[in-house]
Amino acid sequence: MSAYLIRRILYAIPILIGVNLLTFVLFFVVNSPDDIARSQLGDRRVTEEAIQTWKKSHGYHKPVVLNDNEEGFGKITQTIFFEKSIRLFLFDFGQSDSGRDIGHDISQRMWPSLAIALPTLLLGVLLNITFALLIAFFRATYIDFWGVIICVILLSVSTLFYIIGGQFLFSKLLHLVPISGYDTGIDAFKFLILPVIIGIIGGIGTGTRWYRTIFLEEIEKDYVRTARAKGLREGRVLFRHVLRNALIPILTGIVVLLPLLFMGSLITESFFGIPGLGSYTIEGIQRQDFAIVRAMVFLGSVLYIVGLLLTDISYALVDPRVSLR
């Protein structure tokens, strides 16, 4: 197991380097340091002196890749590439273009994102599996037929409709929860309950149909016919055999979503005014704060690779036939 983990981590390093290089090229080829300074100063006619002052105060005055004015390692370390990209591998996110500590912002904003994403993921998976097993149990009946129809309708509706409709019904008409905002402690519950419910409802259609397909595929296998031939009840066959053997594709879908637990939902957090990492990324894009966007792209890549690694480990835990060598 340890050898496998080390090998996968080593595989991840060139992937992260490639993502980092691509992100750097996209930002500093399309936008020069002068363009970044002008976007932050907010005036196309800003003086050259103001541009140079802003660049120096934010570390953009140095050469991009190679500094010929330095000696030894300084040729590499005293560059924009090293200070803005290489340090990301040490999770040193530095300062945003607006002067804020990105690492501190991430440590503060990850908790609201987790408060929304974690219950949405857990409750959503539980409900989706329950509904999918119910539909699979009554396969080829009216319950199966109408269940699939409802799922198609739910997944055909945009998430924005659920958000706006939920805010209008539960906040504006019924006054049950605030329409937007956030608070700490126990008071955060009233701000989080509506985004969580909308997140669960928005994923029921897609999740239930996907799990239903998995369960129906398992039901047609030989071990299920053998279990039925032994006289086991259909409910026991579904929950003790079908569900257990369907865990690998289920875990694949769940673990890949783990980065979203930390990165947050861009749309949900923005509409509900939740100060999470999703809204943080949107704010960085709107302000053209490239330091924030670079940091969030890199962090998302790291979390996605960690999710894939956890997926492989979970395979070995739920299926003894899978070995990690």
Side-chain angles (χ1 to χ4, degrees), residues 93 96 98 100-132 134 150-151 153-208 211 253-287 289 292-293 295-296 299-300 303 307:
F93 299 109
S96 67
S98 57
R100 293 183 58 85
D101 187 336
I102 298 177
H104 179 266
D105 287 344
I106 291 176
S107 65
Q108 296 296 314
R109 286 175 171 263
M110 64 178 289
W111 300 112
S113 293
L114 279 173
I116 295 177
L118 191 59
T120 301
L121 176 64
L122 296 179
L123 295 176
V125 169
L126 181 61
L127 288 177
N128 291 342
I129 291 177
T130 302
F131 292 153
L134 179 65
I150 293 173
C151 287
I153 294 174
L154 289 175
L155 65 88
S156 300
V157 177
S158 172
T159 305
L160 289 177
F161 175 83
Y162 294 120
I163 293 175
I164 297 173
Q167 288 177 326
F168 178 78
L169 177 62
F170 295 105
S171 300
K172 194 173 182 63
L173 291 183
L174 302 179
H175 302 286
L176 296 177
V177 292
I179 193 170
S180 64
Y182 186 72
D183 201 353
T184 57
I186 193 65
D187 292 331
F189 177 78
K190 61 183 179 181
F191 293 99
L192 296 175
I193 184 170
L194 184 58
V196 170
I197 292 175
I198 289 176
I200 293 173
I201 293 176
I204 284 179
T206 303
T208 301
Y211 293 136
I254 294 175
V255 179
V256 169
L257 294 176
L258 288 181
L260 297 179
L261 293 179
F262 295 92
M263 298 301 292
S265 173
L266 301 177
I267 297 177
T268 302
E269 290 181 4
S270 297
F271 270 83
F272 284 100
I274 305 296
L277 293 180
S279 60
Y280 186 55
T281 306
I282 291 293
E283 292 170 6
I285 295 173
Q286 291 175 340
R287 296 200 306 261
D289 196 319
I292 293 177
V293 179
M296 298 308 295
L299 182 60
L303 292 175

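All heavy atoms count here, side chains included; hydrogens, waters and symmetry mates do not. Since this is a predicted model, take the numbers as computed values, not measurements.
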**OP:** Check the pair Y182 / L192 against side-chain contact (heavy atoms from CB on, under 4.5 Å), numbers first and verdict last.
**Re:** CA-CA 8 Å; Y182 186 72; L192 296 175; 3.8 Å; yes
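- Distance check: F271 CZ to I179 CD1 gives 11.0 Å after rounding to the nearest 0.5 Å.
- For Y162 (side chain) and I200 (main-chain N/O), no donor-acceptor pair under 3.5 Å exists by modelled atom type.
- For T268, the side-chain hydrogen bond (donor to acceptor under 3.5 Å, both in side chains) criterion is met by S265, not counting sequence neighbours.
- A distance of 11.0 Å separates CG in L126 from CG in L121, rounded to the nearest 0.5 Å.
- Considering all non-hydrogen atoms of both residues, P178 and S171 come closest at O-OG, 3.3 Å.
- Across all their heavy atoms, A115 and V196 have their closest contact at O-CG2, 4.3 Å.
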Original post:
Step by step, would you call F170 with I197 a side-chain contact (heavy atoms from CB on, under 4.5 Å)?
Top reply: CA-CA 11 Å; F170 295 105; I197 292 175; 6.0 Å; no
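- The distance from atom CD1 of I201 to atom OG1 of T120, rounded to the nearest 0.5 Å, is 11.0 Å.
- Remark: the backbone N or O of S270 is not paired with any side-chain donor or acceptor of S279 at under 3.5 angstrom.
- Here Q108 pairs with nothing under the side-chain hydrogen bond (donor to acceptor under 3.5 Å, both in side chains) rule; sequence neighbours left out.
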**OP:** Evaluate the criterion side-chain contact (heavy atoms from CB on, under 4.5 Å) for residue pair M296 and I106; output intermediate values, then yes/no.
**Re:** CA-CA 9 Å; M296 298 308 295; I106 291 176; 4.2 Å; yes
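- Taking all atoms of both residues into account, the shortest heavy-atom contact from F272 to L194 is CE2-CD2, 3.7 Å.
- Atom CZ in F131 sits 5.5 Å away from atom CD1 in I204 (nearest 0.5 Å).
- Around CD1 of I186, the count of heavy atoms belonging to other residues, nucleotides or ligands within 6.0 Å does not exceed 12.
- Partners of Y211 by side-chain hydrogen bond (donor to acceptor under 3.5 Å, both in side chains), not counting sequence neighbours: none found.
- Here D101 contributes atom CG and D105 contributes atom CG; the two are 7.0 Å apart, rounded to the nearest 0.5 Å.
- Residues E283 and R109 are paired through a salt bridge, judged by an N-O separation under 4.0 Å between the basic side chain and the carboxylate.
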**OP:** Given side-chain contact (heavy atoms from CB on, under 4.5 Å), test L154 with I150 step by step and report yes or no.
**Re:** CA-CA 6 Å; L154 289 175; I150 293 173; 4.0 Å; yes
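- In this structure, the side chains of L169 and L174 come closer than 4.5 Å at one or more pairs of heavy atoms.
- At least one donor-acceptor pair closer than 3.5 Å links the side chain of S113 to the backbone N or O of L277.
- The closest donor-acceptor contact from the side chain of T206 to the backbone of G203 lies at 3.5 Å or more, if one exists at all.
- Rounding to the nearest 0.5 Å gives a distance of 8.5 Å between CG of N128 and SG of C151.
- Residues T184 and W111 form no side-chain contact, since every pair of their non-hydrogen atoms from C-beta on lies 4.5 Å or further apart.
- Here the side chain of E269 pairs no donor or acceptor atom with the backbone of I116 at under 3.5 angstrom.
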